[in-house]
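Residue numbering restarts at 1 for every chain, and letters A, B, ... go by the order of the sequence lines.
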2 protein chains.
Amino acid sequence: METRELRYFVAVAEELHFGRAAQRLGIAQPPLSRAILQLERRLGVALLERTSRTVTLTEAGAVLLREGRAALDAVDAAGRRTRRAALGGTGPGLVLVTKAGASGDLLSRLLDAYAAMPGAVAVDVVLCGIGEQERQLRDGRADVALLHRPFDSVTGFDTEELSVEGQVAILPAGHPLTGRAHLRMADVTALPGLPLPRWPGPDGAYPDGPGPEAHDSTQMYQLIALGRAAAILPESCRTHLRRDLAAVPVLDAPAVTTVIAWPPHSRSRALAGLVRAATGLVQHVP
Amino acid sequence: METRELRYFVAVAEELHFGRAAQRLGIAQPPLSRAILQLERRLGVALLERTSRTVTLTEAGAVLLREGRAALDAVDAAGRRTRRAALGGTGPGLVLVTKAGASGDLLSRLLDAYAAMPGAVAVDVVLCGIGEQERQLRDGRADVALLHRPFDSVTGFDTEELSVEGQVAILPAGHPLTGRAHLRMADVTALPGLPLPRWPGPDGAYPDGPGPEAHDSTQMYQLIALGRAAAILPESCRTHLRRDLAAVPVLDAPAVTTVIAWPPHSRSRALAGLVRAATGLVQHVP
DNA sequence: GGCATCGATACCTCCCGGGTATCGACGCAC
DNA sequence: GTGCGTCGATACCCGGGAGGTATCGATGCC
């Protein structure tokens, strides 16, 4: 199987429309149809059910979509890491990715601690939107990530736990509940007119629901300040909270574990140092 | 990057010889040279240092060899799993791989427990040589594996621990040490004329050393019976030990943990059932 | 029933992957 | 040092296949 065929199939499987997929791929529709047919013949498997009006995935097609994405990510990662290896000292030594607005304190302490180590290399910090870290780690754009269980999935990565913290409800300043010493999940989820915002899932799509869509923490804070939403976040976000927002501990919210994660089989000297610096932080701040 | 280019590069990087690599790939040498040159141009990276007498990997080339193998495995896995998904009920429902001769008891109990579960599917058991399980799991030939830490690496897989056991020294029956109630590592490693056999590493090559090469447990048992080697193995192997061999506990040998491992993002209904059956065993046999 | 949409088919072109022949560089034997 | 053998690169040719345009057949919609 060639990566070209995989790319073509993934495009069609995502669009469920040969014309749009062809446009996205920058080719005409007939070659795309032929390529998919050829792939199906070669695998001996029906991947798509098509009528002249609709295209749907077969069960096998759904498997190839998931596995094919992972395979394409692995190929991308091979290219990127090879290029990076050739750059040697000129490029960034390590690329660390994390959600914008999360674990800011921990991150700055980590960077300080690592920079103080002998032999430390330059660390590029990439702040990305929700759910994009795993992808960047898998396809080689990043070497290491700070993830937050249980929100982010860590399957397939090597990890070390860095911190565990409770969660707080974020409310507009002056909201009646801000007077309370603590809340329960039920108090927050049932707030009239203040639904929890919806985050994009691992596939980049927003789930259905009543809340407004939020792609990053800035959007979300703005929505809360406007009185259109509430949120439940790790308590470390309090240190940088806007003045027009208030935080109240939520006793029965699940604890959030911050972990440092990296792809297996990729322990470069620099990465090992950064992980060591990270686990060293845990000793100082138990 | 196309998988064809990756396959070509991996072949050359493994052979370090364009002629032999071309032969292995079933093509002539000149197109192979061109393909590698084109790959290097496209990546903008020197992958190989060649003189007219020797070929060596650059640092970037070594990275691409490692990452490229993983990527090719992922592509293979995508194809295989897709075909398997299309087979539906006709093929094996699950393929379980483990080292021949290890954890036999645990395995049969696991298979019995799973078969007794409602909705259980057929399980193909693949017994392979040392160090081949990880590869089979990564490239989709197997769905799930029994691995033994610390001998097998489990990085990149999801795992559940099934059992922890000590290790015993395996000696020819009648050897003076078989009279002892227990031994220490130093007693066994220092045996004159009975070196530990050498196992193939993750790359399939045998490490250097004094001991004889052994590819599977049968070879190894034979070598021990012949008085050419000794071995240190998990104590569960005693249940099926040949009559001409003896086992003596080694107190300070590292404990061996048997785990059930599966690729991340692959929890089919059947796999989940098998994992549940496996963890259920742990309850019964703590 | 006319029409628009969409995937498949027919047919053409041209690029590129693969082949053979050969060159140039290097190691080695004597 | 000279001739020879080995090995990767280059030159050149051929054929298959990837990609393009034009069009067909099926289907949902007004």
Side-chain angles (χ1 to χ4, degrees), chain A residues 1-62 64-65 68 71-72 75 79 86, chain B residues 1-62 64-65 68 71-72 75 79 86:
Chain A
M1 217 173 2
E2 289 301 314
T3 58
R4 184 182 54 84
E5 301 175 296
L6 269 183
R7 270 191 297 271
Y8 286 6
F9 173 74
V10 168
V12 174
E14 285 177 355
E15 300 282 349
L16 291 177
H17 189 290
F18 281 72
R20 278 196 300 275
Q23 195 172 357
R24 205 175 95 182
L25 293 165
I27 65 173
Q29 170 259 320
L32 180 57
S33 283
R34 259 184 302 148
I36 301 293
L37 283 168
Q38 180 178 332
L39 178 61
E40 288 180 308
R41 270 204 314 272
R42 196 174 324 188
L43 288 173
V45 168
L47 300 171
L48 300 165
E49 300 281 357
R50 10 185 132 31
T51 70
S52 68
R53 306 304 290 176
T54 67
V55 176
T56 57
L57 281 173
T58 64
E59 200 175 329
L64 187 59
L65 176 57
L72 288 176
V75 172
Chain B
M1 218 173 1
E2 289 301 313
T3 58
R4 184 182 53 85
E5 300 174 296
L6 269 182
R7 269 191 298 270
Y8 287 6
F9 173 74
V10 168
V12 174
E14 284 178 355
E15 300 283 349
L16 292 177
H17 190 290
F18 280 73
R20 278 196 300 274
Q23 196 172 357
R24 204 174 95 182
L25 293 166
I27 64 173
Q29 170 258 321
L32 180 57
S33 282
R34 260 185 304 150
I36 302 292
L37 283 168
Q38 180 178 331
L39 178 61
E40 287 180 308
R41 271 204 313 272
R42 196 174 322 188
L43 288 173
V45 168
L47 301 171
L48 300 165
E49 301 280 357
R50 349 106 142 106
T51 71
S52 67
R53 306 304 292 174
T54 66
V55 176
T56 57
L57 280 173
T58 63
E59 199 174 329
L64 187 59
L65 176 56
L72 289 176
V75 173

- Between B:R34 and B:Q29, the residue closer to the 5' end of DNA chain C by nearest nucleotide is B:R34
- Item | side-chain contact (heavy atoms from CB on, under 4.5 Å) assessment of A:L64 paired with A:L6 | CA-CA 9 Å; A:L64 187 59; A:L6 269 183; 4.0 Å; yes
- Could you check how far CD1 of B:I27 sits from C1' of C:dC16, rounded to whole Å? 14 Å
- Query: Can a side chain N or O of B:Q38 be found less than 4.0 Å away from OP1 or OP2 on C:dG17?
  - Reply: yes
- Task: First locate atom CD1 of B:I27, then atom CD of B:Q29, and finally report the distance between them rounded to the nearest 0.5 Å.
- Result: 9.5 Å
- Would you say A:S33's side chain and A:F18's backbone share a donor-acceptor pair under 3.5 angstrom? no
- Task: Assign B:L37 to base, sugar-phosphate, or nothing according to its heavy-atom contacts below 4.0 angstrom with the strands shown.
- Result: sugar-phosphate
- Under the salt bridge (Lys or Arg N to Asp or Glu O under 4.0 Å) rule, collect the residues that match up with A:E14, sequence neighbours excluded. A:R24, A:R69
- Message: Which residues pass the side-chain hydrogen bond (donor to acceptor under 3.5 Å, both in side chains) test with A:T58, not counting sequence neighbours?
- Response: none
- What are the two closest heavy atoms between B:A60 and B:V45, and how far apart are they? CB-CG1, 3.4 Å
- Message: Tell me the closest heavy-atom pair linking A:I36 and A:L48, and the distance in Å.
- Response: CG2-CD1, 3.9 Å
- Note on the structure: dist A:L16:CG -> A:E49:CD (nearest 0.5 Å) comes out at 12.0 Å
- Task: Please list residues of residues 6-24 of chain A whose heavy atoms come under 4.0 Å from any atom in DNA chain D, ordered by number; otherwise none.
- Result: A:Y8
- Toward the 5' end of DNA chain D, which comes first, A:P31 or A:T51, by nearest nucleotide? A:P31
- For DNA chain D, what are the stems built from at least three Watson-Crick or G-U pairs in a row, each pair having both distances below 3.5 Å? C:1-30 with D:1-30
- Query: Mind checking what makes salt bridge (Lys or Arg N to Asp or Glu O under 4.0 Å) contact with A:R42, not counting sequence neighbours?
  - Reply: A:E5
- Spatial distance of atom CZ (B:R20) from atom CD (B:Q23) [nearest 0.5 Å]: 9.0 Å
- Task: Applying salt bridge (Lys or Arg N to Asp or Glu O under 4.0 Å), name anything that partners A:R34, two or more places apart in sequence or on another chain.
- Result: none
- Message: The criterion is side chain to side chain contact (heavy atoms under 4.5 Å, CB included); which residues satisfy it with A:T51, sequence neighbours excluded?
- Response: A:R53, A:T54
Which atom pairs link the protein and nucleotides 27-30 of chain C when you take only N or O atoms and keep those under 3.5 Å?
| unit_1 | atom_1 | unit_2 | atom_2 | d |
| --- | --- | --- | --- | --- |
| C:dG27 | O4' | B:R53 | NE | 3.2 |

- From CA spacing to verdict: side-chain contact (heavy atoms from CB on, under 4.5 Å), B:Y8, B:L39: CA-CA 10 Å; B:Y8 287 6; B:L39 178 61; over 6 Å; no
- Query: Quick one: does A:E40's side chain have a donor or acceptor within less than 3.5 Å of a partner on A:L47's backbone?
  - Reply: yes
- Query: Reading DNA chain D 5' to 3', which nucleotide is the first, and which the last, to come under 4.0 Å of any heavy atom in chain B?
  - Reply: D:dG5 to D:dT10
- Note on the structure: Separation of C:dC16 atom P from A:R4 atom CZ, nearest Å, is 13 Å
- Could you check which residues of residues 39-48 of chain A get a heavy atom under 4.0 Å from DNA chain C? Sort them by number, please. none
- Query: Where do A:A13 and A:L65 come nearest, in terms of heavy atoms and distance?
  - Reply: CB-CD1, 3.8 Å
- Query: How close or far is atom C1' of C:dG7 from atom CD of A:E49, stated in whole angstroms?
  - Reply: 14 Å
- Message: Restricting to salt bridge (Lys or Arg N to Asp or Glu O under 4.0 Å), what partner residues turn up for A:R7, sequence neighbours left out?
- Response: B:E2
